[in-house]
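Each remark here refers to the structure printed beneath this line.
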Amino acid sequence: MSTLILKFGGLSVGMTTGMTQLLSIVLHQHERWDRLLLVVSALDGVTDQLLEAAHLALLNNQRGYRRLVATIRTRHLALIEHLPLGAPERAALQADIDRLLFDMLATYESMSASEQISAPEWIDRVIGTGERMAARIVAALLRQNKLRGVAIDATDLIITDAAFGGAQPDFPRTREQISTNLLPLVERGIVPVITGFIGATPDAKPTTLGRGGSDYTASILAVCSDAAEVWVLTDVDGMMSADPREIDGARVIPSLSYSEVAELAYFGAKILHPRMIAPLRERRIPLRVRNVFKPQQPGTFISDAPTQAGFKAVTSIQGLGLRAQHSGSIATLAALVDQHLAALTGSHTDVMIAAQSSEQSFVTFVIPTSAGPDALHSLQDALAIDLAALDQRVPWLMQPVSVITVIGARIGDQHARTARLLAALVDQHL
């Protein structure tokens with residue numbers, strides 16, 4: 001039986017126009033595929049608000065986190081009011097939203113009082129509430145339109161390790177959970193609406209897959225349900241050859257290989273989660289990136305088929321460069337940067353460029369696109385004291401950097417064109 005995974009982002013579920021498009025796409029694809037699984041993100045911006053509220057709770061700022069929860073509630077109830085739902089369905093949905101928020105408030109209050117659980121573990125207990133609310137709203141809309149939509153928390157499906165804030169799935173256990181708890185529902189004609197971003201440890205502690213992790217959820221579900229395709233429905237026409245805000249003439253790329261799109265995601269393209277590609281590549285499950293507001297357009301098709309040689313895209317991503325006039329410990333520095341970035345944003349980073357001699361050390365870290373626009377400044381502030389303590393005589397010097405990447409197949413055959421493109425992009429950043 002053919003299975004399609006549809007993943008809808010926060011802009012799709014956060015507006016009535018987006019929800020109308022979502023419904024139209026689901027109704028159409030429901031007639032074309034044997035089995036349909038939906039994955040939804042939280043409403044756009046809600047995860048950031050939940051994270052901020054969690055940090056306020058850890059600081060025992062009750063007024064601050066209660067204000068944010070009230071704002072989140074108002075937004076969700078306003079969306080429900082504007083959707084074409086019957087009175088009983090709307091009332092039940094509003095009660096469900098209030099129950100989720102009440103449970104979350106209780107967790108925030110416990111966070112303020114307890115010191116026995118680490119901050120990342122506390123945050124993972126509450127930050128997935130946005131997805132839980134979104135899934136229930138979408139499922140209610142499907143039921144109102146004669147589909148048997150049911151909201152399902154991925155904590156009952158995706159088993160992970162205990163790396164809170166960036167958990168790794170246990171694929172064998174997850175496949176077993178999906179086979180037991182999900183596929184029988186689908187066989188009965190139910191359309192599951194599954195929460196993206198979240199999972200749980202074997203002992204049922206909630207975890208998250210990293211910011212932007214709803215894409216990864218779709219990938220995990222595809223592998224564990226033997227899906228035929230995955231579609232990511234977003235607010236752009238597909239994967240672009242460059243950021244159109246920086247490069248004139250940026251265009252949609254019709255097709256990409258798994259390797260090419262993995263590099264695009266890792267080096268700055270904000271459409272896809274970097275970790276979602278590897279499972280799809282291993283099982284050769286095609287991926288499509290399409291515009292939820294223009295579903296008739298083909299978007300970008302990603303598979304293992306060979307693609308045309310040459311330049312495909314240029315990306316630019318924020319980084320943090322650190323230099324010291326001595327041979328410092330890059331391993332120690334890497335651990336320190338990752339620790340601060342994870343605490344600030346729930347995201348992790350890797351050492352991208354490192355050079356070390358007897359007299360000097362230099363290292364550049366990429367700031368994940370999912371970390372948010374203020375991550376670089378926040379990371380610099382958090383690191384300032386600790387970096388100086390690493391070597392009081394010659395401190396590490398920090399500076400923002402841009403990591404520019406050209407992506408394509410056999411680019412070495414086009415040295416001159418690549419050099420011109422890099423020069424143009426560098427000029428944009430000077």
Side-chain angles (χ1 to χ4, degrees), residues 5 7 9 212 215-216 218-219 222 229-319 349-350 352-353 364 366-370 401-430:
I5 310 289
K7 184 267 173 178
D215 293 344
Y216 196 18
S219 176
E229 284 191 22
V230 176
W231 293 8
V232 172
L233 285 302
T234 180
D235 62 331
V236 296
D237 294 340
M239 303 296 290
M240 304 291 290
S241 60
D243 188 336
R245 296 169 299 182
E246 297 184 0
I247 299 294
D248 294 335
R251 57 178 178 78
V252 175
I253 308 170
S255 63
L256 288 165
S257 68
Y258 291 121
S259 296
E260 289 167 340
V261 81
E263 298 301 323
L264 269 171
Y266 190 76
F267 284 104
K270 300 178 181 179
I271 299 174
L272 298 176
H273 190 283
R275 286 200 286 166
M276 81 169 298
I277 305 302
L280 299 180
R281 174 168 47 193
E282 183 178 343
R283 298 296 295 271
R284 296 184 176 180
I285 299 173
L287 169 65
R288 294 181 187 269
V289 179
R290 310 183 81 160
N291 192 328
V292 69
F293 300 105
K294 302 175 186 177
Q296 71 282 1
Q297 295 191 4
T300 300
F301 182 70
I302 298 143
S303 70
D304 63 350
T307 59
Q308 186 176 359
F311 161 78
K312 299 291 177 62
V314 167
T315 67
S316 175
I317 189 171
Q318 275 191 327
T349 188
D350 294 304
M352 297 304 304
I353 302 169
T364 293
V366 162
I367 309 298
T369 54
S370 58
V401 297
S402 291
V403 179
I404 299 170
T405 308
V406 175
I407 293 167
R410 298 191 296 279
I411 295 176
D413 298 336
Q414 302 185 12
H415 291 303
R417 186 183 180 205
T418 300
R420 288 195 299 272
L421 288 165
L422 280 171
L425 189 57
V426 169
D427 185 62
Q428 295 278 344
H429 286 268
L430 293 178

Which pair of non-hydrogen atoms, one from Asp215 and one from Leu272, has the smallest distance, and what is that distance? OD2-CA, 3.3 Å
Would you give the length of the straight line joining atom CG of Leu264 to atom CE of Met239, rounded to the nearest 0.5 angstrom? 4.5 Å
Nearest-0.5 Å distance, CZ of residue Phe293 to OG1 of residue Thr234: 9.0 Å
Set of residues satisfying side chain to side chain donor-acceptor pair (under 3.5 Å) with respect to Ser257, sequence neighbours excluded: Glu260
By salt bridge (Lys or Arg N to Asp or Glu O under 4.0 Å), Asp304 pairs with (sequence neighbours left out) Arg284
Shortest non-hydrogen contact from Ile277 toward Tyr258: CG2-O, 3.5 Å
Using 0.5 Å steps for rounding, measure from the OG atom of Ser303 to the CD1 atom of Ile285. 12.5 Å
Over all heavy atoms of both residues, which pair between Lys312 and Ser241 is shortest? Give the atoms and the distance, please. O-CB, 3.4 Å
Tell me the closest heavy-atom pair linking Arg275 and Tyr216, and the distance in Å. O-CE1, 3.3 Å
Within a strict 4.5 Å, meaning less than it, do heavy atoms of the Leu287 and Met276 side chains meet? yes
Got more than 12 heavy atoms from elsewhere within 6.0 Å of CD, Gln297? yes
Between Met240 and Val252, is there a side-chain heavy-atom distance shorter than 4.5 Å? yes
Identify the two heavy atoms, one from Ser259 and one from Arg281, that lie closest to each other, and give their separation to 0.1 Å. OG-NH1, 3.2 Å
Quick one: does Thr300's side chain have a donor or acceptor within less than 3.5 Å of a partner on Gly238's backbone? no
Test of understanding: with side chain to side chain donor-acceptor pair (under 3.5 Å), list the residues that count as partners of Arg290, not counting sequence neighbours. none
The reported gap from CD1 in Ile302 to CD in Glu229 (rounded to nearest 0.5 angstrom) is 11.0 Å
Could you measure the distance from the CD atom of Gln296 to the CG atom of Asn291? Nearest 0.5 Å is fine. 8.5 Å
